[in-house]
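To keep things clear, I will list the structure first and then write my remarks on it.
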Amino acid sequence: MDTTYPKKEKLKSRKLIDQLFAQGKSVSNYPIKLIYLNTELPIDVKIQAGVAVPKKNFKSAVKRNRIKRLLREAYRLNKHLVFNNSEAYFAFLFLYLGKEMPTYPEIEKAMKGVLAGFSKKVDD
RNA sequence: AAAGCAGGCCACUCUAUCGCUUUAUGCUGAACUUGUUUUAGCGCCUUCCGAUUGAGAUGGGUCCCGAAUCAAGUUCGGGGUGAAGAGGAAAGUCCGGACACCACAGUGCGGCAUAGCGGGUAACACCCGUCUCCCGGUGUUACAUCGGGACGGACCAGUGCAACAGAAAGAAUGUACAGGUUAUGCUGUAGUGAAACCAGGUAAACUCUAUGCGGUGAAACGUCAUGUAAAUCGGUGUUUGAGGGCUGCACGUCCGAGCCGAAGGGUAGGCGGUAAGAGCUUUUGGGUAACUGAAAGCCUAGAUAAAUGAUAGGGAGACCCUGAAAUUGUUUCAGGGUAUACAGAAUCCGGCUUAUGGCCUGCUUAUUUA
RNA sequence: GGUCCUGUGGCGCAACUGGAUAGCGCAUCUGACUACGAAUCAGAAGGUUACAAGUUCGAAUCUUGUCAGGAUCA
């Protein structure tokens with residue numbers, strides 16, 4: 001089972017992110033919201049994913065970093081849920097919408113829910 | 001033991017599993033030429049002898065896969081293995097520099113900053129020493145000593161300001177009483193007020209003096225790549241000089257055929273700059289000190305929607321609760337709970353300021369126990 | 001990463017070459033008017049001038065430092 005999250009699988013293009021916010025669809029499972037878009041990627045990987053935490057909810061850079069790391073960790077350990085069965089190419093962006101500091105079990109539960117919701121929508 | 005002041009130090013640690021970023025996987029030769037390469041030296045890793053350091057000995061390793069290429073030991077990508085990976089404030093962006101470009105940086109006005117004296121420094125608004133003044137403690141007649149603080153030049157250059165009160169806050173000399181005088185002028189006291197002890201006070205009022213400052217900032221700058229529209233409309237200009245050279249204005253000087261606006265089209269990526277530096281540690285010379293000369297050793301983050309992490313378990317420390325012992329406070333032991341302060345590099349340094357957990361040292365204060 | 005601006009009752013604003021009691025409108029509360037409400041009239045409450053320190057006889061105003069909010073730059 002692939003549990004890596006190398007540089008190539010990170011969403012980095014500013015252009016793609018703008019496009020994602022403009023045209024992307026979303027699945028929500030509080031406190032995580034996933035924005036996704038079926039599109040062409042510059043590098044030959046199936047999914048590029050990024051994470052974001054609004055500065056408005058968390059002023060401290062340390063707390064924002066902590067939440068982003070938790071989100072990345074949860075995605076890394078659970079990405080096999082969507083990686084195998086999808087054939088198209090996707091760009092992902094995970095948003096943290098809560099206003100309280102989360103714990104890892106909360107994040108992992110929400111991440112699994114969000115990924116399951118995504119698989120269901122794509123299959124339909 | 002507590003409080004206050006001053007100074008210094010540290011920034012939880014270990015194990016297991018999974019993961020992120022950077023970097024290394026070598027250098028110099030000889031032979032052999034299309035094959036499968038062979039071999040020497042140096043370096044690095046590992047093994048052995050040895051109580052340890054050092055010296056020494058011996059064998060092994062210095063990789064694997066794919067692509068480019070005629071082919072490889074070259075280049076690129078992937079894997080494996082090894083190494084390194086946030087701070088004392090990385091923060092605020094308040095000062096000072098390095099560095100880059102603008103004409104190697106011009107003139108005048110304007111503007112800004114600093115402000116006892118001396119020193120340190122690349123430089124500073126920083127640091128050190130010292131004088132003066134202020135505050136506190138101790139002794140005490142003045143004064144001495146200890147600790148702390150100070151945006152600490154100039155109102156006989158000019159202009160302005162001073163509410164209320166007061167006769168008067170200026171080119172003013174009032175009122176009452178006393179003294180004095182032929183009389184006035186004059187002298188003293190009183191009341192108002194922060195100031196009326198006069199050619200006074202006030203410059204964190206304008207200003208003056210001295211000194212310093214060219215501007216813009218890594219989104220600087222260089223380079224490679226991708227892509228469209230060298231198109232359309234309006235205005236203006238080509239020696240009668242538009243516009244620009246990133247300064248608020250003027251001058252001077254240089255470049256000079258385009259420039260401005262409308263609507264619209266495209267890109268928004270890579271590399272360098274950029275990690276060896278006013279660097280760190282130790283020893284030693286100079287200096288009251290800040291600081292600095294010399295020698296030896298060391299290499300110490302480089303991300304870019306932004307790495308340095310996640311989970312589990314133990315240990316140390318802190319706080320809270322319960323119980324036991326001595327018991328005035330309190331201390332010690334055992335068990336349980338909470339689960340780590342402030343905070344995340346973004347071109348790099350020197351400071352300042354602010355946030356914050358703990359430990360140590362010195363001084364002062366009043367109290368308790370022995 | 002850089003640069004600039006603003007903080008005054010619940011809200012929107014005054015007072016700014018320092019001068020004593022910080023003012024105005026809306027909103028709030030109480031009373032009057034009305035059968036009741038609105039409007040109107042009368043009255044009241046509400047401020048550490050964002051916070052801290054300094055200069056001064058005296059600070060919302062001047063100086064310095066914090067905190068918060070906002071704007072802007074390829």
Side-chain angles (χ1 to χ4, degrees):
Chain A
M1 188 160 61
D2 182 20
T3 58
T4 61
Y5 183 44
K7 221 171 179 177
K8 282 197 307 188
E9 289 182 22
K10 288 183 186 169
L11 184 62
K12 293 172 133 178
S13 159
R14 184 184 187 83
K15 198 175 162 189
L16 259 181
I17 293 166
D18 286 346
Q19 200 184 345
L20 198 58
F21 275 112
Q23 307 169 12
K25 301 170 186 172
S26 68
V27 182
S28 188
N29 184 348
Y30 188 82
I32 298 181
K33 180 179 183 183
L34 165 65
I35 304 178
Y36 65 94
L37 182 67
N38 188 346
T39 183
E40 299 209 348
L41 297 177
I43 308 180
D44 184 30
V45 290
K46 280 194 174 173
I47 295 175
Q48 278 197 328
V51 299
V53 180
K55 199 171 185 179
K56 202 172 179 183
N57 293 346
F58 293 93
K59 300 240 176 219
S60 159
V62 173
K63 287 181 182 166
R64 284 201 304 276
N65 267 348
R66 161 85 180 169
I67 294 170
K68 278 152 76 179
R69 281 166 178 160
L70 287 174
L71 284 173
R72 273 197 290 265
E73 186 74 3
Y75 171 71
R76 178 175 76 80
L77 294 174
N78 292 291
K79 68 175 186 178
H80 60 274
L81 294 175
V82 293
F83 223 70
N84 300 327
N85 45 11
S86 61
E87 286 140 24
Y89 298 99
F90 282 98
F92 278 11
L93 190 70
F94 296 95
L95 285 175
Y96 184 80
L97 299 177
K99 295 196 164 89
E100 307 281 321
M101 276 303 288
T103 60
Y104 180 73
E106 287 168 20
I107 290 277
E108 185 164 34
K109 193 178 160 197
M111 176 62 72
K112 280 179 177 169
V114 122
L115 292 180
F118 165 77
S119 298
K120 200 174 170 190
K121 274 205 176 184
V122 167
D123 289 342
D124 294 347

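Everything numeric in this text was worked out from a predicted model, so none of it was measured. Per chain, numbering begins at 1; letters A, B, ... match sequence-line order.
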- Item | Complement of B:A231, any strand, by Watson-Crick or G-U distances under 3.5 angstrom | none

- Message: Using heavy-atom distances to pick each residue's nearest nucleotide on RNA chain B, tell me which of A:Pro105 and A:Ala61 is more 5'.
- Response: A:Pro105

- Task: Could you say whether A:Gly50 or A:Tyr5 is positioned toward the 5' end of RNA chain B, judged by the nucleotide with the nearest heavy atom to each?
- Result: A:Tyr5

- Could you tell me which non-hydrogen atom of A:Ile67 sits nearest to which non-hydrogen atom of A:Pro102, and how far apart they are? CG1-CD, 3.9 Å

- Query: Taking the side chain of A:Arg76 as its heavy atoms from C-beta onward, which of B:A310, B:G19, B:C20 lies nearest to it?
  - Reply: B:G19

- Item | Gap between atoms CD1 and P, on A:Ile17 and B:G269 respectively (whole Å) | 9 Å

- Query: In terms of the angle between their ring planes, are A:Phe92 and A:Tyr75 parallel, tilted or perpendicular, with boundaries placed at 30° and 60°?
  - Reply: perpendicular

- On a whole-Å scale, what distance lies between the P atoms belonging to B:G302 and B:A86? 10 Å

- Message: From the set B:C20, B:A306, B:C18, return the single nucleotide nearest to any side-chain atom of A:Thr4.
- Response: B:C20

- Separation between the C1' atoms of B:A1 and B:A90, rounded to whole Å: 39 Å

- Message: Rounding to an integer number of Å, can you tell me how far A:Lys63 NZ sits from B:A343 C1'?
- Response: 10 Å

- Message: From CG of A:Leu11 over to P of B:G269, roughly how many Å is that when rounded to an integer?
- Response: 12 Å

- For A:Arg66 and B:A307, what is the distance between atoms CZ and P respectively, to the nearest whole Å? 14 Å

- Just name whichever nucleotide pairs with B:G66, Watson-Crick or G-U, keeping both distances under 3.5 Å, else none. B:C76

Acceptor/donor pairs from residues 25-35 of chain A side chains to any protein atom, 3.5 angstrom cut, sequence neighbours excluded:
none

- Item | C1'-based separation of B:U353 from B:C126 [nearest Å] | 12 Å

- Task: Name all residues meeting the ring pair (Phe, Tyr, Trp, His ring centres under 6.0 Å) criterion together with A:Phe58; count only those two or more places apart in sequence or in a different chain, and write none if there are none.
- Result: none

- Looking only at side-chain N and O atoms, does A:Arg72 come under 4.0 Å of OP1 or OP2 in B:A307? yes

- Report the base-pairing partner of B:G201 (Watson-Crick or G-U wobble, both distances below 3.5 angstrom), or none. B:C161

- Message: Please report the interatomic distance OH(A:Tyr36) to NZ(A:Lys121), rounded to the nearest 0.5 Å.
- Response: 5.0 Å

Atom pairs, protein N/O to nucleotides 301-304 of chain B N/O, distance under 3.5 Å:
unit_1, atom_1, unit_2, atom_2, d
B:U304, OP1, A:Lys12, NZ, 3.2
B:U304, OP2, A:Lys7, NZ, 3.0

- In Watson-Crick or G-U wobble terms, both distances under 3.5 Å, what is the partner of C:G23? C:C13

- Query: What does B:A345 pair with, Watson-Crick or G-U, if both distances are under 3.5 Å?
  - Reply: none

- Query: Taking only residues two or more places apart in sequence, or in another chain, which ones meet A:Arg72 in a side-chain hydrogen bond (donor to acceptor under 3.5 Å, both in side chains)?
  - Reply: none

- Query: Among B:U311, B:G309, B:G344, which is the nearest nucleotide to the side chain of A:Asn65?
  - Reply: B:G344

- Specify the separation, in whole Å, of atom NZ of A:Lys68 and atom C1' of B:A305. 7 Å

- B:G241: pairing nucleotide in any strand, Watson-Crick or G-U under 3.5 angstrom: none

- Item | With sequence neighbours excluded, residues passing side-chain hydrogen bond (donor to acceptor under 3.5 Å, both in side chains) with A:Glu73 | A:Arg76

- Message: For the P atoms, the ones on C:U6 and on C:U17, what distance do you get once it is rounded to whole angstrom?
- Response: 16 Å

- Item | A:Arg69 (side chain) and B:G19 (base): donor-acceptor pair under 3.5 Å | no

Show me the side-chain donor-acceptor pairs of residues 105-116 of chain A shorter than 3.5 Å, one per line, residues at least two apart or across chains.
unit_1, atom_1, unit_2, atom_2, d
A:Glu106, OE2, A:Thr103, OG1, 3.4

- Item | Distance between C1' atoms of B:A125 and B:U141 (Å, rounded) | 45 Å

- Answer with base, sugar-phosphate or nothing: what part of the nucleic acid does A:Ala52 contact at a heavy-atom distance below 4.0 Å? nothing

- Task: Measure the spacing between CG of A:Leu70 and OH of A:Tyr104 and express it to the nearest 0.5 Å.
- Result: 8.0 Å

- Just how far is it from atom CG of A:Leu37 to atom CD1 of A:Ile17, taken to the nearest 0.5 Å? 12.0 Å

- Message: The side chain of A:Ser60 is closest to which nucleotide in this list: B:C18, B:G344, B:U311?
- Response: B:G344

- Task: Tell me the partner of B:U274, counting only Watson-Crick (N1-N3 plus N6-O4 or O6-N4) or G-U wobble (N1-O2 and O6-N3) with both under 3.5 Å; none if nothing fits.
- Result: none

- For C:U3, what is the paired nucleotide under Watson-Crick or G-U wobble rules, both distances under 3.5 Å? C:A71

- Rounded to whole angstrom, note down the P distance from B:C44 over to B:C299. 13 Å

- What distance, rounded to whole Å, do you find between the two P atoms, one in B:C349 and one in B:G87? 13 Å

- Item | Interatomic distance where OH belongs to A:Tyr104 and P belongs to B:C18 [whole Å] | 15 Å

- Between B:U288 and B:U354, how far apart are the C1' atoms? Round to whole Å, please. 34 Å

